[in-house]
Enquirer: 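I have a structure here, written as structure tokens, and I will follow up with some questions on it.
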Amino acid sequence: MTRAEQPAEQQAVLNTASETASDSDALVADSRERAVRALLRFPPLRRLWSAQVVGGIGDAVAVLVLLLLTLQASVLQGTFGDGYRGAAFAVAAVLGARVLATLLFGAVLLGPLTTLTSPSGPLDRRWTMIGADGLRLALLIVAPLWIDWSPENAPAVLLITVFVAGVAERFWTVAREGAAPALLPAPPLEGAAVRPLPDHLDALRRLWLRTGFAVIPAGAAVLLVATLIGNLLGSGIEWFSLHQAALGSYIAAGLFAASVSTLYFLELPRSLTPRPRSPLEGLRRPSTGNGLDKGRTDAIPLFVLACAAVAGAISSAVAVSVLHAFDLGGGPATFALLVLALTGGTGLGIRGAGSVLPTLSRRRLLALALALTGVALLAMGLVPDTATVLFLALLAGLAAGVAASIGHALIDQEAEEFRRGRISEHLQAVVRVAIGLGAIAAPLLAAAIGPHRLASGDFVFAHGGAAFTLMLVGALLLPVAAIVLAKTDDRAGVPLRRDLGDALRGGSDPAQAPAATGFFIAIEGGDGAGKSTQVDALAEWIRAKGHEVVVTREPGATPIGKRLRSILLDVSSAGLSNRAEALLYAADRAEHVGSVVRPALERGAIVISDRYIDSSVAYQGAGRDLSPTEIARISRWATDGLVPHLTVLLDVSPEAARERFTEAPDRLESEPAEFHQRVRAGFLTLAAADPGRYLVVDAGQEPSSVATVVRHRLDQLLPLSDAEVKALEEARKAAREEARRRAEEEAARKAEDERAERERQEQLAKLRAEEEERKRRELEEARQREAA
Ligand code: TYD
């Protein structure tokens, strides 16, 4: 693992960087990681750490539960005004109380606090921690009861609870920071028995930081489980359905009790007091002798901006997630899930950042991760469906974690060794401020915006202030991403899309595809398989169809290729290393494809190549001891992924082939029989893997029979030549002409028949009329005769 790939927490504290400057980065990272894990092998320290885990989760659950309870109490009373705005103000008040407690006792009153818990002060560290836990235990047991006991005062009492619990957390942390170094084993150095090693202290800070972050999603998960169980209980016991957060509160109390019992059995030796560290330490920009520290390429301020922006954005999203959960029609469980997705996603993103698109420029990835966080938050606000919102929250968290980790790594890389410690402290302070500001500003913003309903026809867009806040925060990250990309890009001139495409495909291995125009035939086979004969016969046959045919070969179809060929085949090159041989064939191929094959295919010609990639895979891969997969990869790169439309494999046993040699064998032909056996097997393996693109012909038969088989296959595959197309069109035209002539004849004949028929009918009618006239006359005559 390189320094750039370390998770952010590992990067965060680098105070010992100067001491390890001589080691390589990878070694440093690895030894740091091991140092952190090694700490937990000291039983007393592990005990203290377990207390931090349990108490930390308790603290996270407590904050979330108190938020829910205060919200419930204040909405019932209308403490902060009615409706949506009242709820949003309540959230801001709770988070404000917590941030205030942390700032007041973590930064402003840090000095007195440290003195109080120092060995010479009045407070014993172990009892301070136990007391802080006990106090919070008591607060959380009574917290859910205030709403019943004193509904009017409940909001104020709960806010005080939040503040006091926050102060207790600070006392706990300061006492722990003072106590922990004494739990480390004494260093082996003589005369330094009272001071722990700086490496240990560094690892210790890293451990606290990491644990401090991990307990937040863990707390959300605990709250989720508690809420689900509470809902189950609620169906039986009415009190629980009215007090949905109560069970969470008792679980938090239980966690503090567990922490107390862990601490009770901890033995703390008296130790020196380390320098107190405020959460805002380093907030003023670390400055060098002549001004601001911008690192090696002036990019540090932008990376700090990026880290602060994602931290603030995720903190804002967490802060409004309780409002958003209720807007979505959910309850405490949805809230817990949202917090879990956002913070758990961030943790996973930080851990996994090193393996995200490892070939992409880290600076570009930072900008992309920022943008993705923004888009995900924006979409979270837009979409009204809970499941989708949860998915988007996870996505936003993951992207934010990746951005944070990469931002830290880049700052680390940019900063000169001796300034790293200060810069990293500065970064942490800025990030903390961003988190605090986000937590308070976001609910205030949600209150200011309030719920809105836009309707136009059937389209209804009804969203709460929380949704608009999420959208706004997400949208604000986009320009930050754009600025980071524009100002820090280290790949200017290379389109981001291409870089990203390459990285997504896992490196720059080109996609394989046959050419879009023309037709490419590769003739493959062992030495003496009769390739040249077939190539000539085939070329003649295809030319007769009216195609432009380009006959070519590997190696040696180009001027450079001819020189490479002479190196490769000259018997005096004996001893050429296998890898060099593979690369020389690949070099010849790259030149061949670039200057002969592709141009011809682009013209629409039929290209017949005597040997292509498969020869390398079979000879250098299967024949020598190189990996066929790697050989294929080199050739793919050399040809930018050009594959033939058809590969004809002329398969013949090496013994039969050898009898056909007429000239002195070249360097490869002189290889032993086993080599040629392996080559043959290599070819057959390739053909078996992709039967659609291969034609395997038994080359032991008469050349004319081989040619017939090849022609038969090509008849189905070859595109039509211009001449063939023209002939075909002419034939079609002639056929149409003939059909038209026939139709005309037919029509004329029909007209003639009709005319004859009409005449016949007329004749008939005439005869009939004459007959009738005759009869009438006869009748007339008869009548006259009678009358006479
Ligand atoms: P070829 O041109 O077929 O030799 P000839 O003209 O003597 O028939 O091929 C030259 C030799 O190069 C042949 O033995 C196979 C070998 N070869 C490889 O080992 N790898 C390759 O990638 C190529 C194209 C050829």
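First listed ligand is number 1; within each ligand, the first listed atom is number 1. Only heavy atoms go into these numbers, but all of them, side chains included; no hydrogens, no water, no symmetry mates. Along the sequence shown, residues are numbered consecutively beginning with 1.
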Enquirer: Aromatic rings Phe519 and His645: how do their planes relate, parallel, tilted or perpendicular, breaks at 30° and 60°?
Expert: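 Correct class here is parallel.
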
Enquirer: Does a side-chain heavy-atom distance below 4.5 Å link Asp651 with Phe683?
Expert: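 No - every pair of side-chain heavy atoms lies 4.5 Å or more apart.
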
Enquirer: Any idea which part of Ile613 is under 4.0 Å from ligand 1, heavy-atom wise: side chain, backbone, both or neither?
Expert: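 None of Ile613 does.
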
Enquirer: Hey, which atoms in ligand 1 end up nearer than 4.0 Å to a heavy atom of Glu669?
Expert: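 Listed by number with element, the hits are 7 (O).
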
Enquirer: Any non-hydrogen side-chain atom of Ser635 less than 4.5 Å from a side-chain atom of Val617?
Expert: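 Answer no - side chains too far apart.
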
Enquirer: Check ligand 1 against Asp527 and write out every atom of the ligand that is under 4.0 Å from a heavy-atom position of the residue.
Expert: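 Ligand 1 atoms under the 4.0 Å threshold to Asp527: 13 (C), 14 (O).
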
Enquirer: Indicate yes or no: at least one non-hydrogen side-chain atom of Tyr612 is less than 4.5 angstrom from one of Val593.
Expert: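 Yes, at least one pair of side-chain atoms sits under 4.5 Å.
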
Enquirer: Do NZ/NE/NH1/NH2 and the carboxylate oxygens of Asp715 and Lys545 come within less than 4.0 Å?
Expert: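 A salt bridge links Asp715 with Lys545.
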
Enquirer: If you count the atoms of ligand 1 from 1 in the order shown, which ones are under 4.0 Å from a heavy atom of Asp666?
Expert: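 Numbered from 1, ligand 1 contributes 7 (O).
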
Enquirer: Does even one non-hydrogen atom of Arg667 get within less than 4.0 Å of ligand 1?
Expert: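 No, that is not the case, since the closest heavy atom of the residue is not under 4.0 Å from the ligand.
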
Enquirer: Indicate yes or no: at least one non-hydrogen side-chain atom of Asp489 is less than 4.5 angstrom from one of Arg364.
Expert: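 Yes. Closest side-chain heavy atoms under 4.5 Å.
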
Enquirer: Using heavy atoms and a 4.0 Å limit, tell me yes or no: is Glu581 in contact with ligand 1?
Expert: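 No heavy atom of Glu581 comes that close to ligand 1.
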
Enquirer: Side chain or backbone of Glu554 under 4.0 Å from ligand 1, or both, or neither, by non-hydrogen atoms?
Expert: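 Under 4.0 Å from ligand 1, Glu554 contributes backbone and side-chain atoms.
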
Enquirer: Can you sort out which atoms of ligand 1 are near Leu569, meaning under 4.0 Å from one of its heavy atoms?
Expert: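 Answer, ordered by atom number: 10 (C), 11 (C), 12 (O).
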
Enquirer: Tell me which one of Ser616, Ala557, Gly528, Ala522 gets a heavy atom nearest to atom 22 (O) of ligand 1.
Expert: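 Selected option, by shortest heavy-atom distance: Ser616.
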
Enquirer: Ignoring hydrogens, just give me the one of Gln620, Arg553, Glu663 whose non-hydrogen atom is nearest atom 19 (O) of ligand 1.
Expert: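 Looking at heavy atoms only, the winner is Gln620.
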
